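Everything below concerns the one structure shown next.
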Amino acid sequence: MINYCLYILIVTLSQTVFAENVVLKSNDSKTAIGKNLELFEDKTGLVSFEDIRSGREDANFKKSNSDVPGFGYLKSTVWAKFTVKNETD
């Protein structure tokens, strides 16, 4: 079985170095976040949520250049993180 997981981490307490905030302005709007993501492909599958949350893997994240990132068919785990700024009413 292919071990392919996409975990989205919402980082609300700190600014990231690479990505800009995903700004939510209206409750009924859709927001594309592709270019706001930082992505990390863990080819070993050994990185844990705690490793990501602690910042130990921060150097491995790269800014996404795509509106819709695609990874094809991988055996890797792909981690994604972004910051949300909520400006809704």
Side-chain angles (χ1 to χ4, degrees):
M1 186 166 122
I2 300 301
N3 181 16
Y4 178 76
C5 299
L6 179 62
Y7 291 98
I8 303 297
L9 301 178
I10 301 174
V11 182
T12 57
L13 300 177
S14 65
Q15 291 285 78
T16 59
V17 174
F18 300 109
E20 295 181 29
N21 291 343
V22 173
V23 180
L24 303 177
K25 293 186 178 193
S26 155
N27 288 333
D28 60 349
S29 70
K30 293 181 182 178
T31 304
I33 65 170
K35 289 187 178 176
N36 298 92
L37 296 175
E38 292 181 72
L39 303 169
F40 162 45
E41 181 182 355
D42 171 21
K43 294 181 180 182
T44 68
L46 299 176
V47 176
S48 70
F49 180 78
E50 180 56 34
D51 294 331
I52 300 297
R53 193 173 66 84
S54 72
R56 286 190 289 263
E57 299 295 331
D58 282 355
N60 292 317
F61 281 87
K62 306 295 181 222
K63 185 179 181 333
S64 170
N65 295 322
S66 176
D67 289 327
V68 181
F71 308 101
Y73 191 67
L74 300 174
K75 292 184 179 181
S76 306
T77 301
V78 177
W79 294 89
K81 65 180 178 177
F82 59 94
T83 302
V84 175
K85 182 175 182 183
N86 188 353
E87 293 183 355
T88 60
D89 295 332

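What you see is a predicted model; the values in this text were computed from it and never measured. FYI, side chains are in, hydrogens and waters are out, and symmetry mates aren't considered; it's all heavy atoms of this structure.
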**Study point:** N/O donor-acceptor pair under 3.5 Å between Asp42 side chain and Leu46 backbone
**Key:** yes
Review point. Roughly how far, to the nearest 0.5 Å, is the CG atom of Asn36 from the NZ atom of Lys63?
Key: 6.5 Å
Revision key, fill the gap. Nearest heavy-atom contact between Ser66 and Pro69 is OG-N, 3.6 Å
Point to revise | Asn60 and Trp79, any side-chain heavy atoms less than 4.5 Å apart | key: no
Practice item. Evaluate the side-chain proximity of Glu41 to Leu74: yes if any heavy-atom separation is below 4.5 Å, no if none is. Key: yes
Review point. Would you find a donor on one side and an acceptor on the other, under 3.5 Å apart, between the side chain of Asp67 and the backbone of Gly34?
Key: no
Practice item. To the nearest 0.5 angstrom, please state how far the NZ atom of Lys75 sits from the OG1 atom of Thr77. Key: 13.0 Å
Review point. Is the cationic atom of Lys62 (NZ for Lys, CZ for Arg) positioned less than 6.0 Å from the six-membered ring centroid of Phe40 and within 45 degrees of its normal?
Key: no
Review point. Are any side-chain N or O atoms of Lys35 and backbone N or O atoms of Ala32, one a donor and one an acceptor, separated by less than 3.5 Å?
Key: no
Check your understanding: Hey, what do you get for OG (Ser48) to CZ (Arg56), rounding to the nearest 0.5 Å?
Key -> 6.0 Å
Review point. Taking atom CD of Glu57 and atom NZ of Lys81, what is their separation to the nearest 0.5 Å?
Key: 9.5 Å
